[in-house]
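The structure appears right after this line, and notes come after that.
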2 protein chains.
Amino acid sequence: MSGYDLVRFFDGSTGWIWAAPQSQIYPMLRRMEQAGLIAGDEEARGPRLTRTVYSVTEKGHAELASWLGVAHDAAPPRDPFMVQALNFDMIPAAEAVAVLDAFIAEQDKAAAEAEAHRDRLLRKDTALLKERLSRRDPEEHDRIARLKAHVFDGIAAVARAKAEWAREGQRLLES
Amino acid sequence: MSGYDLVRFFDGSTGWIWAAPQSQIYPMLRRMEQAGLIAGDEEARGPRLTRTVYSVTEKGHAELASWLGVAHDAAPPRDPFMVQALNFDMIPAAEAVAVLDAFIAEQDKAAAEAEAHRDRLLRKDTALLKERLSRRDPEEHDRIARLKAHVFDGIAAVARAKAEWAREGQRLLES
DNA sequence: AGGGTCATGTAACGCGTTACATGATTAC
DNA sequence: GTAATCATGTAACGCGTTACATGACCCT
């Protein structure tokens, strides 16, 4: 992909799992190229405009595989919403209920989107999955699609659990 | 609290919701004091050693209450573990299962800790809750304790859901 | 001619992490 | 006396966010 492709990529469905602003992409691509993890290939797009398409090198692939294969420490938690919820007793109940309303809407939306994406993956109907499958034995295709779909199933399940938790919280606030 | 108190505070049970390294505490305290949100009070602790105990000013309290009362946009997601899970098809299944084993242990531990903390809150048995309740009408005590306990109930429920999701993932990997 | 998309950058500023650094006081 | 705890800082470096900035190409 080119830097521009990545900018759009992180604004799209991948944005639910990992976000990156445009200003980080280009410097990071150069740093990764210097580290030998990716290699850039300049393409002409008209007489003056060029775009640089990067691909993962063997070294980059090896580093990725070794990172994928071992468990990493969880990042320190930093959850502003939980700080809010822990202090709902400091504000009027009606305000807390409204904050939870917004939270519930957000979680329900996230769950629906994750479920929709899960279904697209099971239908093998996303560009990235097709690209991935094209390099794999057809016998593995179903298993790979189910594995990836399962990730979005988990995201949806967590969002549903959070929404349900928030609804219980509203009941507590109103009692 | 003093800076030192806060360092220990963020290493303790609050560390599940918000973490902050020692190096951030002191600069941030000074910035918040400059902003008028907190006020420091120097105490002598021996002939030479002093500690500065900060308390929240009226302005700081007002800012907190107004922040607590409105919904905020969720932070952009950035979940390295999900990136790992999404690419389990790139590594041997046995490695992926081992990564999930570590994840399950982590989530189970987090859930157990959250449940234990929930129970302490219901028993009104934490220093912070006692401090909070001492400034409130005794009639409200049960409601406040239940509200705070509910937050940790939610943390536990999410951790349990994630662990269950990971176990399903292991079944998928082994099939 | 104009707007939309393609394509790539820079600058400022604060947050977060790891590591280094120092000295006082208390308890045994 | 000496080890643990109390107490407070600094430095280096990269990540993340918002905002600013520029120009080429394509379609109507």
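Small disclaimer: the values here were computed from a predicted structure and weren't measured. Reminder, nothing fancy here: chain letters follow the sequence lines and each chain counts from 1.
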What is the separation between atom CD1 on Ile25(A) and atom P on dT18(D), rounded to the nearest whole Å? 14 Å
Return the residues of residues 61-86 of chain B meeting this criterion: a heavy atom under 4.0 Å from some atom of DNA chain C. Order them by number, or give none. none
Closest to side chain of Tyr26(B), choosing from dG9(C), dA11(C), dG9(D): dG9(D)
Scan Thr52(B) against the nucleic acid and name what it touches under 4.0 Å (heavy atoms): base, sugar-phosphate only, or nothing. sugar-phosphate
How about Asp11(B) and Gln22(B): does a side-chain donor come under 3.5 Å of a side-chain acceptor? no
Candidate pair Arg132(A) and Asp89(B), rule side chain to side chain contact (heavy atoms under 4.5 Å, CB included), full reasoning: CA-CA 10 Å; Arg132(A) 174 72 54 96; Asp89(B) 62 288; 2.9 Å; yes
Using whole Å, report how far CZ of Phe10(A) lies from P of dT8(C). 15 Å
Roughly how many Å is it from CE in Met32(B) to C1' in dC15(C), rounded to a whole number? 14 Å
Within less than 4.0 Å of OP1 or OP2 of dC6(C), is there a side-chain N or O belonging to Arg51(A)? no
Both Leu49(B) and Ala19(A) contact DNA chain D. Which one's nearest nucleotide lies toward the 5' end? Leu49(B)
When the distance from CD of Glu42(B) to C1' of dA7(D) is rounded to whole Å, what number comes out? 12 Å
Mind calculating the distance between OH (Tyr54(A)) and P (dA7(C)) to the nearest angstrom? 13 Å
Let me know the distance between CG of Asp5(B) and P of dC6(D), rounded to the nearest Å. 9 Å
Rounded interatomic separation in angstrom, taking CZ from Arg30(B) and P from dG14(C): 14 Å
Just to confirm, is there a sub-4.0 Å distance from OP1 or OP2 of dT22(D) to any side-chain nitrogen or oxygen of Arg48(A)? no
According to a strict under-4.0 Å criterion, is Gln24(B) in side-chain N/O contact with OP1 or OP2 of dC15(C)? no
What's the CE-P distance between Met28(A) and dT10(C), to the nearest Å? 15 Å
For the atom pair OH (Tyr54(A)) and CG (Asp5(A)), what is the distance rounded to the nearest 0.5 Å? 11.5 Å
Using a 3.5 Å distance criterion without hydrogens, assess whether the side chain of Thr57(A) forms a donor-acceptor pair with backbone atoms of Gly36(A). yes
State, to 0.1 Å, how close Arg143(A) and Leu172(B) come at their nearest heavy-atom pair, and which atoms those are. NE-O, 4.2 Å
Report which part of the nucleic acid Pro27(B) touches: base, sugar-phosphate, or nothing (heavy-atom distance under 4.0 Å, all strands). nothing
Is the ring pair Phe81(A)/Trp165(A) parallel, tilted or perpendicular, if the boundaries are 30 and 60 degrees? perpendicular
Closest heavy-atom pair, Phe88(B) versus Leu68(A), reported as atoms and distance to 0.1 Å, is CE2-O, 4.3 Å
OP1 or OP2 of dC6(C) less than 4.0 angstrom from a side-chain nitrogen or oxygen of Tyr4(A), does that happen here? yes
Which nucleotide wins on minimum distance to the side chain of Arg45(A), given the candidates dC15(D), dT10(C), dA7(C)? dA7(C)
Considering non-hydrogen atoms only, spot the tightest contact between Val151(B) and Met82(A) and give its length. CG1-SD, 3.7 Å
Any donor-acceptor N/O pair under 3.5 Å between dT18(D) base and Ser23(A) side chain: yes
Find which nucleotide of DNA chain D each of Thr50(B) and Trp18(A) is nearest to by heavy atoms, and output the residue with the more 5' nucleotide. Thr50(B)
Compare the minimum distances between each of dT17(C), dA21(C), dC15(C) and the side chain of Gln22(B), then state the nucleotide with the smallest one. dA21(C)
